[in-house]
There are 2 protein chains.
Amino acid sequence: MNIGKAAKLSNLTVKTVRYYADIGLVKPLKNCSTGYRDFSDDDLAQLQFVAKARKFNFSIQECGELLSLYSDKNRSSKEVKALTLEKISEIDAKLIELKDLRRQLSFLANNCQGNDRPECPILDELSNA
Amino acid sequence: MNIGKAAKLSNLTVKTVRYYADIGLVKPLKNCSTGYRDFSDDDLAQLQFVAKARKFNFSIQECGELLSLYSDKNRSSKEVKALTLEKISEIDAKLIELKDLRRQLSFLANNCQGNDRPECPILDELSNA
DNA sequence: ATAAACTCTCCAGTAAGTGGAGTGTAAAGG
DNA sequence: CCTTTACACTCCACTTACTGGAGAGTTTAT
């Protein structure tokens, strides 16, 4: 299938699919006469796989690793689980950071009048080292 | 003061401070003979302001806006509050997304044996479009 | 036959820096 | 006074994961 169809079926943009092909994450055949990329069903499956993994916050590099494990019929689930657990703890750290951020910002906003006068605890706080 | 001291006192790296000066976010004087940047106390305050605002997930552009509101003695707190509230709802959206992500990943990890055999619900799930 | 829709390559840019090379300057020790 | 060390400078390239556009070729529909 052409890139447009592959993109649609994997919920990616054409540009993104082309980019994935350029960096060798997927390897569609190329029609010699037209230069058009030709995506097999397997290529499509890989694109769908990557699309999902990216949503799961796996980096492109990790997607590549997962993809090779995925393609390897003898891959062990150990490696995949390890990668996943690592991701989870990264997410946990991010969650803590974001929650703290939210708490602080919300405190500032609650104490700000939001009128036309220049008094503003948000700026006061930010300007305190 | 020199860039090293300004960096230390604002908890930024020298590289980052130089970058902020390059893009005009802060405007230290320059010693003509040595080429060294000279940061005034006011420049330092702005760096500290930016360092904090960046931690609060404000973009460089937004930092610039905040900085001009901050410098303008006649600024209203309304604009600042609006920007802050916007940031908070962005953070909320990100929190929801991350929590959902974590839930899904954690479900997958819990159902994965993590042994050397190829059965792995994580890959199974990822390969389902 | 022509127009719309699709595809291609190549170049440039995004955000917010980081890293390194090569060079010049300042402060401290001997 | 000299040398070593720490600090400063500029400039260029690289990072992540794409996105946008120009200009050109191809396929499909009318």
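A, B, ... follow the sequence lines: proteins, then strands. Residue 1 opens every chain. Excluded from the calculations below are hydrogen atoms, water molecules and symmetry mates; all remaining heavy atoms, backbone and side chain alike, are included.
- Side chains of B/Ser40 and B/Asp43: a donor-acceptor N/O pair is present below 3.5 angstrom, by distance only.
- Taking atom NZ of residue B/Lys5 and atom P of nucleotide D/dA8, one finds them 12 Å apart after rounding to whole Å.
- For A/Asp22 and A/Arg37, the salt-bridge test passes: some basic side-chain N is under 4.0 Å from an acidic carboxylate O.
- D/dT19 atom C1' lies 14 Å from atom CD1 of A/Ile3, rounded to whole Å.
- For the pair B/Tyr19 OH and D/dA13 P, the interatomic distance rounds to 18 Å; values are reported in whole Å.
- Side-chain nitrogen and oxygen atoms of A/Arg18 include none within less than 4.0 Å of the OP1 or OP2 phosphate oxygen of D/dT19.
- Regarding A/Lys15, its NZ atom lies at a distance of 15 Å from the P atom of C/dC6, rounded to whole Å.
- Rounding to whole angstrom units, CG of residue B/Asp22 and P of D/dT10 are separated by 7 Å.
- Taking 4.5 Å as the limit, every side-chain heavy atom of A/Lys87 sits out of range of all side-chain heavy atoms of A/Leu83.
- Rounding to whole angstrom units, CD1 of residue A/Ile60 and P of D/dA17 are separated by 5 Å.
- When the side-chain nitrogen and oxygen atoms of B/Thr13 are compared with OP1 and OP2 of C/dG17, none of them lie within a distance under 4.0 Å.
- Between the A/Asp100 side chain and the A/Ile96 main chain, no donor and acceptor come within less than 3.5 Å of each other.
- Remark: side-chain polar atoms of A/Lys27 are paired, donor with acceptor, to backbone N or O of A/Gly24 under 3.5 angstrom.
- The backbone N or O of B/Met1 lies less than 3.5 Å from a partner atom in the side chain of B/Asp38, making a donor-acceptor pair.
- DNA chain D is contacted by B/Lys30, B/Gly35, B/Tyr36, B/Arg37 of residues 28-37 of chain B, taking any non-hydrogen atom closer than 4.0 Å.
- Closest of all the heavy-atom pairs between A/Leu25 and A/Cys63 is CD1-C, 4.4 Å.
- Across the protein-nucleic acid pair, B/Phe39 atom CZ and D/dC7 atom C1' stand 14 Å apart, rounded to whole Å.
- Between B/Arg54 and the phosphate of C/dG17, there is a side-chain N or O to OP1/OP2 separation shorter than 4.0 Å.
- One interatomic measurement links the two molecules: CG of A/Asp38 to C1' of C/dC6, which rounds to 15 Å at whole-angstrom precision.
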